[in-house]
Amino acid sequence: MNVVDSEVVAAILQKQDYQITEEINEASLILVNTCSIRDNAEQRIRARLREFGRIKKENKEVSVGLIGCMAERLKEQLLEEEAVIDLVVGPDAYRELPRLLSQVELGQKGIDTLLSTTETYADIEPVRMDKNKVTSFVSIMRGCNNFCSYCVVPGTRGRERSRDPETIIAEATDLFENGYREVTLLGQNVNSYKWGDMEEGVSFEQLLDRVAGIDPLLRVRFATSHPKDMSDELLKVMAGRPNLCRSIHLPVQSGSSAVLKRMKRKYTREHYMDRVEAIRKYLPDASLSTDIIAGFCGETEEEHKQTLSLMEWAGYDLSFMFKYSERSETFAARKLEDDVPERVKTKRLNEIIELQLKLSLAGKQKDIGKSYEVLAEGTSKKSEEQLYGRTSQNKVVVFPRGLVKPGDYVHVKITDCTSATLLGVLNF
Ligand code: 5AD
Ligand code: SF4
């Protein structure tokens with residue numbers, strides 16, 4: 001989401017005659033788009049700010065702005081704590097950047113952290129910053145109304161609001177016409193996308209169907225789904241459109257119903273399992289990925305084991321795994337005790353990571369000998385002679401370049417794998 005937001009910010013600033021540079025020493029303005037989801041994300045930003053401080057010392061013309069969730073969460077406090085910062089702008093205030101920058105030019109500090117109930121930047125055409133010109137993100141909604149007890153997002157990104165579907169279709173069509181072959185529709189909880197009134201409105205299922213209808217050669221992905229809202233209807237729409245990618249990201253967070261209740265996730269282990277079974281029924285070839293938090297408030301060893309057993313049952317292809325990090329102002333920070341010792345959190349996280357490595361490898365080994373349609377994205381990091389791309393299941397495949405160009409669809413026969421990557425040969 002921050003990648004898309006940075007592209008929106010770049011579009012706003014390009015209108016003011018700013019240009020993007022890849023070379024930090026050339027920059028007259030450094031904007032750092034930030035994440036507050038865990039404390040270590042914020043600590044990394046603080047370290048970068050010290051680096052920017054050194055650049056600013058050498059060149060007095062440079063201004064530094066901090067934008068995104070950390071700006072929203074800490075507001076004026078940032079200007080007090082970090083002398084290097086000239087500008088603080090929250091996620092709904094990017095249209096104010098030109099005004100704030102002219103203040104900064106006059107030697108003042110600029111700040112705007114107002115949240116909005118309507119801002120979606122729908123009319124702004126993002127300046128694409130992706131390198132490959134094949135895959136891109138399209139934001140379809142902003143904010144979140146779920147208030148999971150551990151999460152800062154509803155506080156930093158504000159209330160949920162959906163973007164006008166016509167602008168989404170127009171943006172995806174434009175990307176396709178410019179050679180892009182994959183779009184990922186983004187929102188904190190895409191299943192609650194809703195435009196207009198119940199009867200004449202557009203649901204997420206309808207939106208997805210329309211985006212997939214732009215062209216069969218346009219692959220469409222989406223993130224993130226919430227297990228409480230993941231409908232059979234959505235899976236049926238996906239089953240009917242082969243270009244809706246066979247890959248579902250369904251964050252579970254914990255395998256214990258009691259922990260899920262403390263997390264205010266609004267589903268149980270059994271409901272989650274029911275949704276995975278529905279995915280397997282409608283989309284038998286889909287891959288499944290998830291997010292997991294280790295060591296949430298009050299988590300017992302038994303509850304942790306339930307997470308491991310659910311992982312094993314679901315056979316995740318990929319997981320994003322985190323230690324619980326208490327965030328101030330959340331329900332958990334106010335009402336629950338962050339009582340799992342750091343060393344226990346680390347041990348549990350390591351067990352989760354170890355199991356996921358095993359599952360990822362097993363999932364890829366099953367692909368050996370099979371042939372997949374792969375969208376070529378670019379040159380492999382390891383060798384100029386090889387390209388990388390993805391299967392519909394979102395698995396990365398490395399294969400010999402041959403005459404293939406990024407943006408081409410090719411058939412690749414899988415010959416080998418690691419836990420992260422499939423290796424293959426072109427299959428004519
Ligand atoms: N501590 C650790 N992980 C968190 N996430 C969200 N909030 C926290 C937190 N306070 C994780 C969740 C979410 C992902 C984006 O980040 O797993 O799905
Ligand atoms: Fe955070 Fe929950 Fe919203 Fe996801 S659904 S952004 S975890 S509050």
Atom OH of Tyr193 and atom CD of Glu160: how far apart are they, to the nearest 0.5 Å? 12.0 Å
Ring geometry between Tyr267 and Tyr272 (parallel below 30°, tilted from 30 to 60°, perpendicular above 60°): tilted
Does any part of the side chain of [Y], heavy atoms only, come nearer than 4.5 Å to the side chain of [X], both counted from C-beta?
X: Lys56; Y: Ile30; result: no
X: Leu97; Y: Tyr94; result: yes
X: Pro406; Y: Asn132; result: no
X: Asn146; Y: Lys228; result: yes
X: Asp164; Y: Thr120; result: no
X: Asp92; Y: Leu114; result: no

Looking at [Y] and [X], is there a salt bridge between them, counting it only when a charged N and a carboxylate O are closer than 4.0 Å?
X: Asp338; Y: Lys345; result: yes
X: Arg46; Y: Glu81; result: yes
X: Glu299; Y: Arg262; result: no
X: Glu42; Y: Arg327; result: yes
X: Arg280; Y: Glu277; result: no
X: Glu351; Y: Lys347; result: yes

The test is salt bridge (Lys or Arg N to Asp or Glu O under 4.0 Å); show your working for Glu80 and Lys109 and say whether it passes. CA-CA 11 Å; Glu80 287 156 22; Lys109 302 255 170 178; over 6 Å; no
Could you verify whether a donor N or O on one side chain and an acceptor N or O on the other, from [X] and [Y], lie under 3.5 Å apart?
X: Ser328; Y: Arg73; result: yes
X: Ser192; Y: Asn189; result: yes
X: Asn33; Y: Asp5; result: no
X: Thr346; Y: Lys323; result: yes

Can you tell me if [X] has over 12 outside heavy atoms packed within less than 6.0 Å of its [atom1]?
X: Glu301; atom1: CD; value: yes
X: Glu125; atom1: CD; value: no
X: Arg343; atom1: CZ; value: no
X: Gln16; atom1: CD; value: yes
X: Glu200; atom1: CD; value: no
X: Arg44; atom1: CZ; value: no
X: Glu354; atom1: CD; value: no
X: Asp197; atom1: CG; value: no

Could you tell me whether the side chain of [X] and the main chain of [Y] form a donor-acceptor pair under 3.5 Å?
X: Arg163; Y: Ser139; answer: yes
X: Gln393; Y: Asp285; answer: yes
X: Ser319; Y: Met321; answer: no

After noting the C-alpha distance and the side-chain angles of Lys305 and Glu302, does the key distance pass the salt bridge (Lys or Arg N to Asp or Glu O under 4.0 Å) rule? CA-CA 5 Å; Lys305 292 238 159 66; Glu302 186 45 42; over 6 Å; no
Test salt bridge (Lys or Arg N to Asp or Glu O under 4.0 Å) applied to Glu119 and Arg142, Arg95, Arg161, the passing residue: Arg95
By the definition side-chain hydrogen bond (donor to acceptor under 3.5 Å, both in side chains), identify the one residue from Ser256, Ser309, Ser254 that meets it with Arg269. Ser309
